[in-house]
Amino acid sequence: MGSRIPPVKGTRDVLPLDIYKDSDEPWLRIGHYQLIESAARTTFPLYGYREARTPILERTELFARGIGEATDIVGKEMYTFDDGAEGKSVSISMRPENTASLVRAYVQHNVQQSEPETKWWYLGPMFRRERQQKGRYRQFTQIGVEAFGSQGPRIDVEQIEMLHRWLTALGIPFAMHLNTLGDGETRPRWKAALQDYLRAHQAELTADSVARIETNPIRVLDSKFDKPEILEGAPRIDAFLSDAARAHFDGVKEGLTRLGVPFVVDPRLVRGLDYYTRTTFEAIATEGLGAQSTVAGGGRYDGLVKQLGGGDVAGVGFAAGVERLALLCAAAGREASSRPVLFIAPLGEAEEKKADELAQSLRAAGLGVEVSLRRANVGNMMKRADALSARFALVLGGDEITSGRAKLKELKTGAQHEVSLTDLVAALGQLS
RNA sequence: GUGGCUGUAGAUCAAUGGUAGAUCACUGGACUGUGACUCCAGGUGUUGCGGGUUCGAGUCCCGUCAGCCACCCCA
């Protein structure tokens with residue numbers, strides 16, 4: 001008589017089931033996640049990235065210092081609690097992103113000493129307490145990479161090319177947007193100039209934009225509600241770039257062009273996290289995601305390692321939203337599937353025992369085999385084989401056991417092949 | 001956090017304020033020897049939840065929760 005316990009708001013189950021919330025909204029299945037993850041697992045190591053895992057829980061301080069106290073993520077979206085288990089209270093948060101954690105691990109283990117140039121990739125759930133909408137959930141999954149210790153533009157280029165390759169392999173329609181935020185001095189100087197300009201035009205701006213002059217003036221440039229001529233007249237970052245920062249950005253653009261990676265320079269591309277410097281980039285889906293169309297975003301964070309107690313080590317990384325990618329894969333009908341090679345339908349008790357033994361030996365040979373576990377007529381068992389999308393079905397009755405031969409039915413074509421039960425492995429290998 | 005829309009069977013949706021239904025899916029049977037076609041049978045639904053109005057509420061009103069979409073922000 002228990003009542004149902006509802007799931008936590010903004011979280012969702014990912015099942016191997018064909019569940020549709022409504023007719024034109026494909027529900028995410030595990031197969032969509034697996035497709036994206038396996039593409040990452042095969043692509044990233046080609047570029048020398050190795051997987052790293054860090055805890056979901058970190059001290060709140062890490063995110064406050066790493067991501068920025070003033071950001072929305074840290075200011076109001078983290079799941080934070082006090083952990084008093086060791087006598088004194090420590091503030092703990094569930095990670096809202098993974099870069100700060102990886103930098104902490106990098107510093108913690110003095111990786112700089114043993115491997116000055118390091119490339120890591122990661123995968124896992126992140127948590128932000130936001131109001132959900134399409135492609136945005138409170139628990140979501142990110143796949144990302146970080147490259148530590150390389151200064152020049154070639155690593156930026158290599159990483160963007162890798163992101164391009166991965167998304168292309170997944171069949172995602174996207175455009176790569178590219179910008180530079182300049183080095184450590186550029187951004188504050190540009191920001192100040194922008195604020196001066198916007199304050200001078202306050203009277204003509206919307207209330208939202210006026211409020212953002214102080215909090216996030218760069219975002220004002222992205223406003224959809226203000227007069228374009230005001231936004232276009234704003235000071236551009238170009239005028240504030242140092243020679244070194246400009247040369248770096250030119251190097252990135254030249255490298256991408258040389259490797260044939262398409263991109264668009266987008267001066268309004270701003271990354272929200274405080275740690276970004278110089279190169280920033282975003283892969284933006286060109287269809288299918290509504291307002292949450294950024295599918296991957298990243299850039300340089302040259303000061304972050306030092307800020308978190310390490311050496312003066314450069315970094316570049318990106319993070320991709322798996323749910324957003326999965327929605328696009330779902331819309332395109334692309335999905336990883338695991339289907340059995342063979343479904344065995346035994347007709348009686350003795351046949352069931354024989355079927356179990358056959359299945360065991362086939363599985364030992366690496367073949368996926370499903371055995372009917374319920375006693376039913378052949379038609380129903382065939383129906384089950386069909387539902388599982390088995391490649392072949394085999395009916396096992398008394399005749400087959402005494403003769404040692406059976407008919408292997410290929411479900412897609414309906415063709416039947418007579419085979420010997422003793423070398424089913426070879427027969428299946430030959431047919432598939 | 002702000003705003004808009006929506007909550008009825010596993011799914012998609014019906015039901016003038018008056019007996020809660022259809023289709024698909026699922027299970028079984030027709031059919032102890034072969035799935036997709038056909039026919040038949042099978043539903044104990046907290047109508048999201050809680051109040052209110054009414055002789056009577058799935059339907060009207062209020063609240064609340066959840067989902068969706070947008071703002072904000074971000075992957």
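Every chain is numbered from 1 and lettered A, B, ... according to where its sequence line falls, protein lines coming before strand lines. Values reported hereafter were calculated over all heavy atoms of this structure, with side chains retained and with hydrogens, waters and symmetry mates removed.
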- Message: Under 4.0 Å, counting only non-hydrogen atoms across every strand here, what does Gly348(A) touch: a base, just sugar-phosphate, or nothing?
- Response: nothing

- Write down the distance between OH (Tyr276(A)) and C1' (C73(B)), rounded to a whole number of angstrom. 14 Å

- Rounded distance in Å - CD (Glu282(A)) to P (C73(B)): 13 Å

- How would you label the contact of Gly10(A) with the nucleic acid (heavy atoms, under 4.0 Å): base, sugar-phosphate, or nothing? sugar-phosphate

- Query: With a non-hydrogen cut-off below 4.0 angstrom, is Lys76(A) in contact with a base, only sugar-phosphate, or nothing?
  - Reply: nothing

- Query: Ala291(A) has a side chain; which of G28(B), C71(B), A75(B) sits nearest to it?
  - Reply: C71(B)

- Query: Are the side chain of Arg324(A) and the backbone of Gly135(A) linked by a donor-acceptor contact shorter than 3.5 Å?
  - Reply: yes

- Task: Find the partner of C73(B): check Watson-Crick (N1-N3 plus N6-O4 or O6-N4) and G-U wobble (N1-O2, O6-N3) distances, both under 3.5 Å, and reply none if neither fits.
- Result: none

- Item | Pair Thr54(A), Asn98(A): side-chain N/O donor-acceptor within cut-off below 3.5 Å | yes

- Where the side chain of Arg128(A) is defined as all heavy atoms beyond and including C-beta, which of A75(B), G67(B), A36(B) is the nearest nucleotide? A75(B)

- Query: Okay, side chain of Ser337(A), backbone of Arg339(A): is any donor-acceptor separation there less than 3.5 Å?
  - Reply: no

- Message: Any side-chain N or O of Gln416(A) below 4.0 angstrom from OP1/OP2 of U34(B)?
- Response: no

- May I have the distance from Met381(A) (atom CE) to G29(B) (atom C1'), rounded to whole angstrom? 15 Å

- Task: Remember a base hit wins even if backbone is also touched, and classify Ala319(A) as base, sugar-phosphate or nothing at under 4.0 Å, heavy atoms.
- Result: sugar-phosphate

- Message: Categorize Gly144(A) for me: base, sugar-phosphate, or nothing, with a 4.0 angstrom heavy-atom threshold over every strand shown.
- Response: nothing

- C72(B) OP1/OP2 closer than 4.0 Å to side-chain N/O of Arg212(A): yes

- Could you check whether Tyr137(A) gets within reach of a base, just the sugar-phosphate, or nothing at all, counting any heavy atom under 4.0 Å? base

- Query: Taking atom C1' of C69(B) as reference, at what distance in whole Å does atom CG of Leu327(A) sit?
  - Reply: 14 Å

- Answer yes or no: does a side-chain N or O of Gln133(A) lie under 4.0 Å from OP1 or OP2 of C69(B)? no

- Query: If only side-chain N and O atoms of Arg131(A) are considered, is one of them under 4.0 Å from the OP1 or OP2 phosphate oxygen of G3(B)?
  - Reply: no

- Query: Are OP1 or OP2 of U34(B) and a side-chain N or O of Lys409(A) less than 4.0 angstrom apart?
  - Reply: no

- Nearest-nucleotide pick for Asn377(A), side chain only, options being G35(B), A75(B), C31(B): C31(B)

- Query: In whole angstroms, how far is the C1' atom of U34(B) from the CG atom of Leu342(A)?
  - Reply: 14 Å

- Message: A quick test of your reading: do over 12 heavy atoms of other residues, nucleotides or ligands sit less than 6.0 Å from CZ of Arg154(A)?
- Response: no

- Query: If pairing requires Watson-Crick or G-U wobble contacts with both distances under 3.5 Å, which nucleotide is the partner of G33(B)?
  - Reply: none

- Ignoring backbone atoms, establish whether Gln292(A) has a side-chain N or O less than 4.0 Å from OP1 or OP2 of A75(B). no

- Note on the structure: Side-chain atoms of Arg136(A) come closest, of G29(B), C72(B), C68(B), to C72(B)

- Using atom CE of Met78(A) as one end and atom C1' of C73(B) as the other, report the distance to the nearest whole Å. 15 Å

- Message: Just to be sure I understand the rule, does Glu323(A) reach a base, reach only the sugar-phosphate, or reach nothing, if contact means heavy atoms closer than 4.0 Å?
- Response: nothing

- Task: Name the nucleic acid region contacted by Asp399(A), choosing base, sugar-phosphate or nothing; use a 4.0 angstrom heavy-atom cut-off, strictly under.
- Result: base

- Under 4.0 Å: is that the gap between some side-chain N or O of Arg129(A) and OP1 or OP2 of G1(B)? yes

- Item | Result of checking Arg131(A), Lys9(A), Arg128(A), Glu77(A) against Arg138(A) for side chain to side chain contact (heavy atoms under 4.5 Å, CB included) | Lys9(A)

- Task: Identify whether any heavy atom of Glu400(A) sits under 4.0 Å from a base atom; if not, whether one sits that close to sugar-phosphate; answer base, sugar-phosphate or nothing.
- Result: base

- Message: Taking pairing as Watson-Crick or G-U wobble with both contacts under 3.5 Å, can you name the mate of C68(B), or confirm there isn't one?
- Response: G4(B)

- Task: Would you indicate what Val295(A) reaches in the nucleic acid, counting non-hydrogen atoms under 4.0 angstrom: base, sugar-phosphate, or nothing?
- Result: sugar-phosphate

- Query: Where the side chain of Asn380(A) is concerned, which of G28(B), C74(B), A66(B) is the nearest nucleotide?
  - Reply: G28(B)

- Is a side-chain donor or acceptor of Glu97(A) paired with a backbone partner of Ala100(A) at a separation under 3.5 angstrom? yes

- Query: Just checking, Arg12(A) and Tyr137(A): is the charged tip under 6.0 Å from the six-membered ring centre and within 45° of the axis?
  - Reply: yes

- Query: If you look at every strand shown and take non-hydrogen atoms under 4.0 Å, does Leu273(A) touch a base, only sugar-phosphate, or nothing?
  - Reply: sugar-phosphate

